[in-house]
Amino acid sequence: MKKHNFNSGPSILPQSVLQQSSEAVIEFNNTGLSILEIGHRTPFFVEVIEEARSLVKELMQLDDSYEVLFLHGGATTQFMQVPMNLLDTNETAAYCDDGIWGTKAYKEASLFGNVKVVASSKDKGYTYINKDFEVPSDAKYLHITTNNTVEGTQYHTIPNVSVPLIADMSSDIFSRQMDFSKFSLIYAGAQKNMGAAGVNVLVVKKDILGTITRPIPNIMDYRKHIEAGSLMNTPPVFAVYVALLTLRWIKESGGLAEMERSSIEKSNLLYHTIDTLPQFNCKIAVEDRSRMNAVFFMDDTNKEAEFLDLCKKEGMVGVKGYRTVGGIRVSMYNALPLESVVAFTDLMKRFASC
Ligand SMILES: *Cc1c(COP(=O)(O)O)cnc(C)c1O
């Protein structure tokens with residue numbers, strides 16, 4: 001049976017991307033070699049990574065003051081690499097703590113300099129985005145998590161701040177239109193909205209680099225990666241290729257405008273269903289609800305277990321809430337078709353009526 005894949009990450013990818021990437025494992029672009037066998041400095045792969053880097057810029061409508069890198073490791077690597085490159089020991093960085101990923105990010109930063117948590121929504125179990133904050137004018141940067149994958153909240157307006165803005169966009173990158181030039185640095189692990197695990201995309205405004213005194217190991221130094229055209233050492237070749245295919249798919253499907261339209265349609269349907277069925281409830285402040293990850297509960301926990309069992313039987317994958325949060329989490333990334341949300345909400349209605 002074909003599954004409805006609501007996994008939170010690694011997560012659903014477009015069928016055409018799976019098809020093309022599997023073909024490339026057998027033979028890449030009539031080279032007589034597998035994508036797994038080609039050298040990363042051959043023209044074949046240089047073309048792949050250059051096209052991927054320029055598609056990122058094109059989709060985000062960024063100019064040449066920005067560089068795009070594909071780096072090893074998950075977003076968790078960036079929790080450390082960002083402050084290592086930007087924050088001197090005696091400087092202060094501001095962080096918004098709206099969920100477990102934001103918490104991890106500021107804790108890592110505190111290993112490199114001073115950290116000021118300027119906003120937190122911990123007081124209400126991270127069920128909203130705390131937008132009421134001030135950033136000290138001498139802060140080196142402000143770090144936010146645009147979408148809180150575990151808790152189910154999302155910034156729907158990007159804060160205006162006078163210091164460089166840095167964002168972990170792991171779970172909502174390329175899901176909506178936005179003025180990306182408001183950010184000085186954006187990073188995301190690929191495995192949620194743009195490909196396979198093992199690679200990060202990093203977009204950085206060059207003028208924020210080179211302002212610290214700490215020596216940085218080459219492999220951690222953004223400037224060294226820029227100089228090397230994102231080919232300082234062997235990149236995760238296959239993961240970069242899958243990212244390229246996904247970026248092409250986004251562009252061919254209508255770009256970020258279409259991703260946004262579709263995610264509004266899908267998430268509106270799901271939240272509307274939750275709000276109209278008394279058995280289900282979503283604790284997230286309405287204005288901060290995530291269009292990528294809906295987190296909600298059933299009043300009766302026995303019923304909830306029964307519902308999750310039914311989901312499993314009906315081929316609905318990945319809908320159990322995060323282990324520390326519980327409840328139900330439905331992830332609706334770019335590649336998830338509307339039909340999957342229709343099938344899921346039909347199941348909710350059927351379950352509620354019996
Ligand atoms: C998944 C996720 C991470 C962690 O990503 P890894 O690639 O596993 O390190 C960090 N931030 C956010 C917002 C995430 O959704």
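The structure displayed is predicted, hence computed values, not measured ones. Ligands are counted one by one from 1 in listed order, and the atoms in each one are counted from 1 as well.
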Please say whether more than 12 non-hydrogen atoms of neighbouring residues, nucleotides or ligands are located less than 6.0 Å from [atom1] in [X].
{"X": "Glu306", "atom1": "CD", "answer": "yes"}
{"X": "Arg41", "atom1": "CZ", "answer": "yes"}
{"X": "Lys206", "atom1": "NZ", "answer": "yes"}

| Is there a donor-acceptor pair closer than 3.5 Å between any side-chain N or O of Asn334 and the backbone N or O of Phe174? | yes
| field | Donor-acceptor pair, side chain of Ser230 and main chain of Phe70, under 3.5 angstrom | value | yes
Contact atoms of ligand 1, heavy-atom distance to [X] under 4.0 Å:
{"X": "Asn147", "answer": "13 (C)"}
{"X": "Thr76", "answer": "4 (C), 6 (P), 9 (O)"}
{"X": "Thr145", "answer": "13 (C)"}
{"X": "Gly74", "answer": "6 (P), 7 (O), 9 (O)"}

| said: Minimum heavy-atom separation for His156 and Arg176, please, with both atom names. | reply: CA-NH1, 3.9 Å
| Side chain or backbone of Phe79 under 4.0 Å from ligand 1, or both, or neither, by non-hydrogen atoms? | side chain
Among all protein non-hydrogen atoms, which one is nearest to [atom], and what is the separation to 0.1 Å?
{"atom": "atom 8 (O) of ligand 1", "answer": "Gln191 NE2, 3.6 Å"}
{"atom": "atom 15 (O) of ligand 1", "answer": "Thr149 OG1, 2.4 Å"}
{"atom": "atom 2 (C) of ligand 1", "answer": "Lys192 NZ, 2.4 Å"}
{"atom": "atom 11 (N) of ligand 1", "answer": "Asp168 OD2, 2.6 Å"}

| Donor-acceptor pair between Asn148 and Thr153 side chains, under 3.5 angstrom | yes
| Would one find an N or O of Thr77, backbone or side chain, under 3.5 Å from an N or O of ligand 1? | no
| request: Identify which of Gly73, Ala75, Ala190, Gly189 has a heavy atom lying nearest to atom 6 (P) of ligand 1. | output: Ala75
| query | Which distance, rounded to the nearest 0.5 Å, do you find between the CG of Leu256 and the NZ of Lys251? | reply | 11.5 Å
